[in-house]
Amino acid sequence: MKIAAWNVNSLKVRLPQVLDWLAAQQPDVLCLQETKLTDAQFPAEALRAAGYHGIFHGQPTYNGVAILSRVAPTAPLCGWPDGNDNQARLCAASVGSLRVVSVYVPNGQSVASDKYVYKLAWLARLRAFLADELLRHPRLVLLGDFNIAPTDRDVYDPVAWGEEVLCSPAERAALAALHELGFHDSFRHLYPEAQAWSWWDYRAAMFRRDLGLRIDLILVSTALVPAIAAAGIDREARRAERPSDHAPVWLELGDLP
DNA sequence: ATGCCGGCACGTTGCCGA
């Protein structure tokens with residue numbers, strides 16, 4: 001079972017790359033962030049032709065999340081369950097015995113901005129949602145663009161970044177609160193010491209210089225930890241012509257009893 | 001120096017991203 005997440009920074013622009021990646025990597029599930037498409041614009045037919053069902057939740061211009069799956073997903077959730085959903089950043093679905101939650105956590109802009117306050121409130125809301133979701137779905141995968149570098153090890157220059165947005169103590173505490181629910185960072189589980197990035201700024205030749213952050217994560221619930229078999233980040237996708245600024249992150253799960 | 005790059009929108013510049 002291979003499950004992946006990719007912030008594509010416009011699915012309209014990146015659809016050919018997504019189709020190529022699906023064909024080459026054959027994931028069972030691919031969660032997309034920043035589709036920047038309305039539901040009416042979502043390329044469901046092209047993805048279906050490639051062998052994938054889709055759950056999608058979008059809006060004009062900004063945000064937008066989706067779950068692509070080889071087997072038909074069930075029990076879809078598009079946006080927060082209470083329906084109060086101004087920004088399309090959350091969707092979920094069941095795939096086989098797994099519950100998959102795809103998130104595009106707000107960026108926060110800077111620690112002094114209203115957007116940062118919104119980000120922390122959004123993360124608190126996510127925690128409450130997940131606490132409830134876990135009651136019904138103990139085998140839960142939570143993945144996507146978290147817009148948080150979990151530790152200094154996930155930052156190319158921790159001194160320069162300091163306590164700026166993506167690295168601030170309050171954001172990391174919000175992520176730690178998810179770990180307290182029983183979520184585990186699958187990449188870190190396999191590679192406690194590794195330094196690897198999932199995002200490189202388009203500017204200042206950051207990819208060429210390999211200066212980035214690891215902010216795209218695949219967290220698994222405690223029940224799934226024994227199934228963690230392999231994980232990685234596909235840097236090759238970031239090398240493409242006209243790439244997203246994020247690389248796909250992926251996780252291979254073995255069979256569970 | 002707060003821009004660099006890139007996507008988007010009733011576009012020719014401003015906004016947002018991270």
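Side chains included, hydrogens not; waters and symmetry mates left out as well; all remaining heavy atoms used. Letters A, B, ... are given to chains in the order of the sequence lines, protein chains preceding strands, and every chain is numbered from 1.
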Would you classify [X] as touching base, sugar-phosphate or nothing, given that sugar-phosphate means primed atoms plus P, OP1 and OP2, and contacts are heavy atoms under 4.0 Å?
{"X": "A:N147", "answer": "sugar-phosphate"}
{"X": "A:I215", "answer": "sugar-phosphate"}
{"X": "A:Y104", "answer": "sugar-phosphate"}
{"X": "A:Q109", "answer": "base"}

Task: NZ/NE/NH1/NH2 to OD/OE distance under 4.0 Å, A:R235 and A:D210 - done: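 Judged by the 4.0 Å cut-off on N to carboxylate O distance, A:R235 and A:D210 do form a salt bridge.
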
Open item on the list: Quick test of your reading of the model: are A:D234 and A:R238 salt-bridged, counting only N-O distances below 4.0 Å?
Closed with: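 Not counted as a salt bridge, because no side-chain N and carboxylate O are separated by less than 4.0 Å.
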
On a whole-Å scale, what distance lies between the [atom1] atoms belonging to [N] and [M]?
{"N": "B:dT13", "M": "B:dG3", "atom1": "C1'", "value": "16 Å"}
{"N": "B:dG11", "M": "B:dG7", "atom1": "C1'", "value": "13 Å"}
{"N": "B:dA1", "M": "B:dG17", "atom1": "P", "value": "24 Å"}
{"N": "B:dC16", "M": "B:dC10", "atom1": "P", "value": "15 Å"}

- [ ] Name the orientation class of the two ring planes belonging to A:W199 and A:H246 (parallel below 30°, tilted from 30 to 60°, perpendicular beyond 60°).
- [x]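 A:W199 vs A:H246 ring planes: tilted.
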
Would you please confirm or rule out a distance under 4.0 Å between OP1 or OP2 of [N] and any side-chain N or O of [X]?
{"X": "A:K12", "N": "B:dC8", "value": "no"}
{"X": "A:N9", "N": "B:dC16", "value": "no"}
{"X": "A:H246", "N": "B:dA18", "value": "yes"}
{"X": "A:R14", "N": "B:dG7", "value": "yes"}
{"X": "A:R242", "N": "B:dC5", "value": "no"}
{"X": "A:T61", "N": "B:dC15", "value": "no"}

Task: Whole-Å gap separating C1' (B:dA18) and CG (A:N7) - done: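 Spelled out: CG on A:N7 to C1' on B:dA18 is 10 Å.
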
Open item on the list: When you measure from the side chain of A:S69 to the backbone of A:A72, do you find a donor-acceptor pair of N or O atoms at a distance under 3.5 Å?
Closed with: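 Side chain of A:S69 to backbone of A:A72: no pair is present.
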
- [ ] Hunt down the Watson-Crick or G-U wobble partner of B:dA9, both distances under 3.5 Å, from any strand shown, or write none.
- [x]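 B:dA9 is paired with B:dT13.
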
- [ ] Not counting sequence neighbours, list each pair that qualifies as a salt bridge (charged side-chain N to carboxylate O under 4.0 Å, His left out) and has a residue in residues 69-82 of chain A.
- [x]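 Listed once each, the pairs are A:D82-A:R125.
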
Open item on the list: Assuming nearest nucleotide by heavy-atom distance, tell me which of A:L11 and A:Y202 is located more 5' along DNA chain B.
Closed with: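 Its nearest nucleotide being more 5', the pick is A:Y202.
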
TODO: Tell me which of A:K36 and A:N63 sits closer to the 5' end of DNA chain B, going by the nucleotide each one is nearest to.
DONE: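 Here A:K36 is the residue nearer the 5' end.
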
